[in-house]
Amino acid sequence: MMKKYLKDYLKKITGRDDIIIDMPPNPNMGDYSSAVAFQIAKERGDNPVNVAKGIVAECNKCLPERIDKITTMGPYINFFINTELYAKSVLQMIFEQDESYGMLESKNQRVIVEHTSVNPNKPLHMGAARNSILGDCIARVLRVAGYEVEVENYIDDLGIQFAEVFWGIIKEGDNADEKYDHFLGKLYIRVHEQMNPEIEEDIKKLNKELEDPSSKNAKLARSVVERCVASHLESLNALNIGYDVLVWESGIVHAGLFDETFRRLRKSKDIVLEKDGPLEGCLVMKLGRIFPNMKNPDKVLIRSDGTPTYTAKDIALQMWKFGLLDKDLKYRKWDENTMTSSLDGEAFDFGNADIVINVIGSEQSYPQEVVKLSLKLLGYDKQSENSFHMAYEFVTLPNDSFSGRRGTWIGYTLDDVINAGREKAIDELDRRRPELSDIMKQKIGNALAIGSIRYNIVRYAPEKKIVFRWEDALNFEGDSCPYIEYAHARCCSILKRAKGKRTPSYRYEHQKERELIKTLSQLSGVVELAARDKRPHYITKYANETAIAFNSFYNELPVLKSEQVDDRLALVDATRIVLANCMRLIGIEPLEEM
RNA sequence: GGGCCCGUGGCCAAGUUGGAUAUGGCGUCGGCCUUCUAAGCCGAAAAUCCCGGGUUCGAAUCCCGGCGGGUCCGCCA
């Protein structure tokens with residue numbers, strides 16, 4: 001907000017629209033800075049140092065109230081802002097908006113975020129958890145950034161991977177003696193251990209059969225998928241992750257959404273029915289024009305036997321998300337907070353999005369590109385532009401990848417990591433806070449475990465591969481969830497001890513105070529960028545910076561025993577609010593003590 | 001063959017709409033609990049920002065060419 005003010009101010013002085021306001025490397029050099037003098041000097045063939053001096057001289061003719069001093073340092077222009085006015089405006093805004101501080105004004109746009117969408121045949125491992133955590137965080141960020149957000153989980157109940165495990169159920173029976181998704185995951189490994197061409201053929205037949213909802217196995221299959229999904233949602237719910245709606249692949253197909261999409265696709269001139277050649281009888285999307293160097297530029301949408309490919313179904317799903325189809329899904333309640341698509345349900349206002357974000361691994365960027373492109377080929381330019389693939393890299397083991405078939409996920413499921421996290425957190429509490437009641441230890445330990453798992457995933461940029469290591473995944477020191485929580489708990493602890501009404505003067509002289517205020521003022525800017533770039537790690541970064549600024553302040557300056565108790569308490573309270581708001585954006589429960 | 005992503009102190013990362021002395025964490029070394037929570041704070045050592053060219057007053061950041069790692073390019077799912 002100060003940056004924008006300074007930008008407008010410099011625009012008035014220089015007449016330029018492209019001014020970037022930075023921060024100087026050292027706070028002694030000023031609060032904000034600009035390097036415009038370089039640009040102007042270049043255009044005029046002048047010396048940037050003189051240009052900067054000229055601008056500052058112009059500014060100094062009539063300095064606005066909010067700016068104390070403007071100086072040059074070589075060609076750089078540095079601003080020293082009026083701390084009293086600045087502190088007052090920042091802190092008052094924080095207190096006034098409280099939990100809404102950082103929230104941006106409504107964009108009047110609906111965003112669908114699809115995330116998780118894991119095959120219902122095994123438990124979630126940490127790679128899948130990265131998807132859900134990133135998706136949940138970006139959904140939280142977008143809500144605060146002023147979007148109406150609808151969170152969707154796509155259930156691939158017609159995929160071959162499910163058919164494989166279902167074949168195992170038919171053969172071995174449905175006798176789960178542990179959490180259902182874990183049971184299925186291990187069964188899936190056993191199926192692959194005995195896999196041969198004959199079994200493969202059986203499974204294909206079974207898969208085909210399951211597409212018909214009236215077939216003899218369809219009912220059992222549906223209940224198996226539902227139990228697996230319920231198992232997944234139980235783990236995810238523990239991580240504070242929820243959904244507005246579950247969309248079933250079978251729903252998309254049986255409600256006729258796919259057929260409608262198929263009819264539309266046939267009308268596009270870039271999508272043709274091959275009359276001869278190796279793809280005879282297939283409906284093919286011609287991509288050679290856009291991807292000229294592709295080994296195989298023809299993307300099959302409908303196979304010669306009339307069945308749709310994955311990509312074709314994804315196009316139908318994307319069309320539904322944007323509300324481009326005449327037909328619609330029906331829904332019923334899944335649980336307290338979540339609806340599910342259902343053939344015998346009722347109409348509901350899901351879909352019809354302005355923007356669609358699909359959180360899917362980066363290995364799928366080509367099919368996602370095809371989906372985006374297909375909307376363009378169908379004439380939906382705006383929807384194509386508003387289709388975003390939020391890509392992220394794998395989580396791997398130090399020497400292996402997570403594989404469902406080979407079962408390398410065993411020992412590294414989300415449930416395993418949550419349990420280990422709780423155990424570790426409670427051990428720490430036993431050591432550090434022996435006087436706490438067991439109930440409090442459970443509560444705090446759980447929040448720290450969940451928070452740490454989430455924090456240690458989101459803090460990496462999505463395009464970075466993560467190697468899973470226990471000491472990183474459950475790191476409690478340094479740049480970590482407990483570090484943020486700790487700063488927050490310290491704020492709460494001080495505030496609990498403070499008595500009486502506060503009447504701050506907003507006079508802050510100390511460098512640590514000024515730094516902290518400056519940091520606190522930046523939340524909404526960070527939210528804006530995180531939403532724009534779809535990069536939730538900006539939030540963890542900022543939360544960490546805020547906690548650093550606070551801890552540094554805390555260690556150097558007394559609050560309750562200071563002459564300026566009221567001013568310092570105001571800072572502590574404002575920090576508490578900002579940290580809590582950051583934690584909510586990351587999906588971490590703010591703790592008042594730990 | 002081509003597309004996309006990654007390469008930053010011993011390790012892990014941030015920074016990539018060009019801007020001042022490259023920022024954190026882990027680890028190492030040295031300090032700080034008789035004052036608001038030491039899961040903390042202060043300080044030190046530690047970097048050819050993968051390599052080579054180019055553009056620019058200025059490059060970790062942009063362009064070209066390499067190298068190394070990952071991934072994708074099936075009528076699979």
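Chain letters run A, B, ... following the sequence lines, proteins first, then strands; residues in each count from 1.
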Taking any heavy-atom pair under 4.0 Å as a contact, classify A:Pro278: base, sugar-phosphate, or nothing.
base

Quick one: do A:Arg535 and A:Glu463 make a salt bridge, cutoff under 4.0 Å?
yes

When you compare the ring of A:Phe38 with the six-membered ring of B:rG19's base, are the centres less than 5.5 Å apart and the planes under 30° from each other?
yes

Gap in Å between the two P atoms, one belonging to B:rA39 and one to B:rC26, rounded:
13 Å

So which nucleotide does B:rA44 pair with, by the Watson-Crick or G-U wobble rule with both distances under 3.5 Å?
B:rU28

Name the orientation of the base relative to the sugar in B:rC32: syn if the glycosidic angle is within 90° of 0, else anti.
anti

Which base sits across from B:rU37 as a Watson-Crick or G-U pair, both distances under 3.5 Å?
none

Determine: side-chain N/O of A:Lys464 to OP1/OP2 of B:rG7, distance under 4.0 Å, yes or no.
yes

Considering only atom C1', compute the distance from B:rA13 to B:rG7 and round it to an integer number of Å.
13 Å

Rounded to the Å, how far apart are A:Asp472 CG and B:rG24 P?
20 Å

Would you mind classifying the nucleic acid contact of A:Ala487 as base, sugar-phosphate or nothing, using non-hydrogen atoms under 4.0 angstrom?
nothing

Should A:His389 be listed as having a side-chain N or O under 4.0 Å from OP1 or OP2 of B:rC4?
no

Taking OP1 and OP2 of B:rU37, is either one under 4.0 Å from a side-chain nitrogen or oxygen of A:Ser493?
yes

Using a heavy-atom cut-off of 4.0 Å across all strands, would you classify A:Arg432 as base, sugar-phosphate, or nothing?
base

Presence of A:Arg490 side-chain N/O under 4.0 Å of B:rA38 phosphate oxygens OP1/OP2
yes

Answer with yes or no whether A:Ser33 presents, from its side chain, a donor or acceptor under 3.5 Å of a partner atom in the base of B:rA20.
yes

Please check if any side-chain donor atom of A:Glu369 sits under 3.5 Å from a side-chain acceptor atom of A:His389, or the reverse.
no

Do we see A:Tyr310 stacking on the base of B:rA77, given a limit of 5.5 Å between centres and 30° between planes?
yes

A:Tyr486 side chain N/O closer than 4.0 Å to the phosphate oxygens (OP1, OP2) of B:rA39?
yes

Taking NZ, NE, NH1 and NH2 as the nitrogens, is one of them in A:Glu274 or A:Lys286 under 4.0 Å from a carboxylate oxygen of the other?
yes

Carboxylate-amine/guanidinium proximity below 4.0 Å for A:Asp22 and A:Lys3
no

Stacked pair A:Tyr76-B:rA20, distance under 5.5 Å, angle under 30°
yes

Taking the basic N atoms (NZ, or NE/NH1/NH2) and the acidic carboxylate oxygens, is any pair closer than 4.0 Å for A:Arg406 and A:Asp400?
yes

Rounded distance in Å between the P positions of B:rG18 and B:rG10:
30 Å

Pick the P atom in B:rG1 and in B:rU48, then give their distance to the nearest Å.
33 Å

Using a cut-off of strictly less than 4.0 Å, decide whether A:Ser552 has a side-chain nitrogen or oxygen near OP1 or OP2 of B:rC42.
yes

Distance below 4.0 Å between A:Tyr392 side-chain N/O and B:rC4 OP1 or OP2:
no

Does A:Lys496 NZ have over 12 foreign heavy atoms under 6.0 Å away?
yes

I want to check one thing: is the phosphate of B:rC11, taken as OP1 and OP2, less than 4.0 Å away from some side-chain N or O of A:Arg469?
no

